[in-house]
Amino acid sequence: MKYLVFYRKQRDYTQATEDLLEDLRRQYHKEFEYVDPDTPAGVETTHAYDIMNHPTFLVVMQDGREISRHTGLPLPTVADLAAMFVHI
């Protein structure tokens, strides 16, 4: 599985998003991989998953199939994000 988070730095939601991710790391020892939508690789990944809003938290299979997504504000809770790590 891949756990991706798409957001831009220096936005009004950036600090809250980073605090949420830090809480997730601290409480659950889980992490989402940051995708910078302003880099060439980030643009490609953003287009591949049709990311239209930020922040977006995305869980995908190794082959790229999407499993779960949370997009935009309000931000999910730490428990909501932790639940994205549980798979059937």
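Numbering starts at 1 and runs along the sequence shown.
- Inter-residue side-chain proximity for Arg69 and Ile51 is flagged as met; some heavy-atom pair is nearer than 4.5 Å.
- Atom CD of Glu33 has 12 or fewer heavy atoms from other residues, nucleotides or ligands within 6.0 Å.
- Relative ring orientation between Tyr34 and Tyr7 is described as tilted, the plane-to-plane angle lying within the 30° to 60° band.
- Atom CD of Glu44 has 12 or fewer neighbouring heavy atoms from other residues, nucleotides or ligands inside a 6.0 Å radius.
- In plain terms, the two heavy atoms of Ala82 and Leu24 that are nearest each other are N-CD1, 3.8 Å.
- Connection of Phe6 to Tyr13 is not established within any shared hydrophobic cluster, with ILVMFWY side chains joined at heavy-atom distances below 4.5 Å, either directly or through further cluster members.
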Is there a side-chain contact (heavy atoms from CB on, under 4.5 Å) between Val78 and Tyr28? Walk through the geometry before answering. CA-CA 9 Å; Val78 172; Tyr28 292 94; 3.4 Å; yes
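- Here Lys2 contributes atom NZ and Leu4 contributes atom CG; the two are 7.0 Å apart, rounded to the nearest 0.5 Å.
- The backbone N or O of Gly42 sits nowhere less than 3.5 Å from a side-chain atom of Thr45 that would complete a donor-acceptor pair.
- For Leu81 against Phe85, the heavy-atom pair with the smallest separation is O-CD1, 3.4 Å.
- Phe57 has its ring centre less than 6.0 Å from the ring centre of Phe32.
- Partners of Asp63 according to the salt bridge (charged side-chain N to carboxylate O under 4.0 Å, His left out) rule, which considers only residues two or more places apart in sequence or in another chain, are Arg65.
- Clustering ILVMFWY residues whenever any of their side-chain heavy atoms sit less than 4.5 angstrom apart, transitively, puts Met61 in the very cluster that holds Tyr3.
- The CD atom of Gln10 sits 11.5 Å away from atom CD of Gln15, with the distance rounded to the nearest 0.5 Å.
- Between Thr14 and Arg8, the closest heavy-atom pair is OG1-O, 2.8 Å.
- Contact between Pro55 and Leu75 at its shortest, heavy atoms only, is CG-CD2, 3.4 Å.
- Rounded to the nearest 0.5 Å, atoms OG1 (Thr46) and NE2 (His54) are 5.0 Å apart.
- For the residue pair Glu66 and Val60, the shortest heavy atom distance occurs at CA-CG1, 3.9 Å.
- Around atom NZ of Lys9, more than 12 heavy atoms belonging to other residues, nucleotides or ligands sit under 6.0 Å away.
- Closest approach of Arg25 and Glu18 over heavy atoms only: NH2-O, 4.4 Å.
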message = Let's go through Gln62 and Met1 carefully: what are the C-alpha distance in whole Å and the side-chain angles of both, what is the deciding distance for side-chain contact (heavy atoms from CB on, under 4.5 Å) to 0.1 Å, and is it a yes or a no?
response = CA-CA 5 Å; Gln62 289 297 73; Met1 297 287 170; 5.6 Å; no
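- Checking side-chain atoms of Asp80 against main-chain N and O of Thr77 turns up a donor-acceptor pair under 3.5 Å.
- The cluster map of Ile, Leu, Val, Met, Phe, Trp and Tyr, joined by side-chain heavy atoms under 4.5 Å apart, puts Leu73 and Val35 in different clusters.
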